[in-house]
Amino acid sequence: MNPILEVRHLSISFLQYESGFRRRMLTVIRDLSLTVLPGEIVAVVGSSGSGKSLLAHGILGLLPYNASMQGSILYDGTPLDPARAARLRGKEISLVPQGVNYLDPLMTVGAQLRKGERGAEIKKRCREVLARYGLKEETQSLYPFELSGGMARRVLISSAVLQSPRLILADEPTPGLDAQSAGRILGHFREMAKGGAGVLFITHDLDLALTVSNRVVVLYAGETVEEASASDFASGKLRHPYTQALWKALPCGEFTAVSGAQPYPGEIEQGCLFAPRCPHCRAQCTSGEIPYHPAGNGWVRCLLSPQEEE
Ligand SMILES: Nc1ncnc2c1ncn2[C@@H]1O[C@H](COP(=O)(O)OP(=O)(O)OP(=O)(O)O)[C@@H](O)[C@H]1O
Ligand SMILES: [Mg+2]
């Protein structure tokens, strides 16, 4: 089956001014590759600042003016440049943005959902999608400032799924929602995937990611460190020490924390970005490039697979 989304060796950098007129390129995403097949939910998991939102914005051509992007993005087998992304955005490809401030403060919910479409059909779809997320029809006449945080979030999701997209980029879609509302949203993603859509589910919550996704891509400080199938977690087949640490930090791993913190962009120039925190670190891990390579049914960016050492 051909991927609906293919990201190959994506890097995103920002041009920044330092003291005086000195400029530097700050690379915040490096060599990021992933694919999403139709019918699949792929989770992108990483802690705050690892580059998850930038990935979504890069795919959709929504990066700020001082950003530059290398690598390639294919949608349905064809390059997705910013112009094509703009044409497909909100239709075939939809974004559930991380912040509720993406709602237009001067437009009612109904007008934002209909996006200029008129007629009985769109009105019916709006009613249905709002009801699905537990929102009354009257919500359509409200302005964003009249919505609670949870309602605003459900409106954003309603807007993203209204046009039956083929690819959904959901950037932290459920924080602040009660378990029932979050479950409803994830259930709907699963249903849309069953209908053939691809879903890129962006979250910092590995536990949540594992409840719904087929595959998990783990980001660390702007780099993909591992791609694993959801079943690899419980079966102890994880390949990268950071993914293993994330797994052990969950309740089932007895909340074992790993010391240290993810480096800021540009802080570590060479070698493995996780090396300072890695229990298996060797001299060769701290210099040169660490290739992202296939391992079993997944991918890993690690010179030493701890399982192989035993
Ligand atoms: N416009 C910008 N200029 C410079 N650096 C930026 C810009 N936008 C984001 N960054 C940096 O890029 C990195 C990744 O940011 P991003 O928003 O993608 O993180 P994230 O994984 O989505 O985090 P969170 O979980 O908090 O949403 C961060 O270090 C951030 O400071
Ligand atoms: Mg984010």
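Order of listing sets the numbers, starting from 1, for every ligand and every atom in it.
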Original post:
Would E128 and R132 satisfy salt bridge (charged side-chain N to carboxylate O under 4.0 Å, His left out), going step by step from the backbone distance to the final call?
Top reply: CA-CA 6 Å; E128 283 170 1; R132 170 151 217 161; over 6 Å; no
Original post:
Taking distance alone, with no angle check, do Q16 and ligand 1 share an N/O pair under 3.5 Å?
Top reply: no
**OP:** Look only at interatomic distance and state if L26 has a nitrogen or oxygen under 3.5 Å from any nitrogen or oxygen of ligand 1.
**Re:**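 Such a contact does not occur with ligand 1.
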Subject >> Within reach of ligand 1, part of S47 (heavy-atom separation under 4.0 Å) >> reply: backbone
**OP:** Pick one of side chain, backbone, both or neither for how H204 approaches ligand 1, counting any non-hydrogen atom pair under 4.0 Å.
**Re:**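 Neither part.
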Original post:
Honestly curious: do L54 and L273 fall in one hydrophobic cluster under the side-chain, below-4.5 Å linking rule?
Top reply: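 Each belongs to a different hydrophobic cluster.
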Original post:
Side chains of Q70 and H9: donor-acceptor distance under 3.5 Å anywhere?
Top reply: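 No, no side-chain donor-acceptor contact under 3.5 Å.
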**OP:** Calculate the angle formed at the Mg ion (ligand 2) by OE1 in Q98 and OG in S53; 10° precision is enough.
**Re:**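 The two atoms subtend 80° at the Mg ion (ligand 2).
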For [atom], what's the nearest protein heavy atom and its distance?
atom: atom 25 (O) of ligand 1; answer: K52 NZ, 2.8 Å
atom: atom 8 (N) of ligand 1; answer: F14 CZ, 3.7 Å
atom: atom 11 (C) of ligand 1; answer: V28 CG1, 4.0 Å

Out of [options], indicate the one that has the non-hydrogen atom closest to [atom].
atom: atom 17 (O) of ligand 1; options: S48, S53, P265; value: S53
atom: atom 14 (C) of ligand 1; options: G46, G49, P64; value: G49
atom: atom 9 (C) of ligand 1; options: I202, L54, D171; value: L54

Original post:
Parallel, tilted or perpendicular for F274 and Y220, by the 30°/60° rule?
Top reply: perpendicular
Original post:
Near the Mg ion (ligand 2), is there an N/O/S atom from S48 that is less than 2.8 Å away?
Top reply: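 Checking S48: none of its N, O or S atoms is under 2.8 Å.
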Subject >> Reported CG-to-OH distance for the pair L62 and Y102, which is rounded to 0.5 angstrom >> reply: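 Going from the CG atom of L62 to the OH atom of Y102 covers 7.0 Å.
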Subject >> OG1-CZ distance between T211 and F201, expressed to the nearest 0.5 angstrom >> reply: 6.5 Å
Subject >> E267 CD: over 12 foreign heavy atoms closer than 6.0 Å >> reply: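 Counting other residues, nucleotides and ligands, CD of E267 exceeds 12 neighbours.
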Original post:
Picking from L147, I185, L103, L177, what satisfies side-chain contact (heavy atoms from CB on, under 4.5 Å) with R153?
Top reply: L177
Subject >> Worked check of side chain to side chain contact (heavy atoms under 4.5 Å, CB included) between N297 and D232 >> reply: CA-CA 9 Å; N297 62 347; D232 289 347; 3.3 Å; yes
Original post:
Is atom 30 (C) of ligand 1 less than 4.0 angstrom from some protein heavy atom?
Top reply: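 Flag for atom 30 (C) of ligand 1 set to false, no protein heavy atom closer than 4.0 Å.
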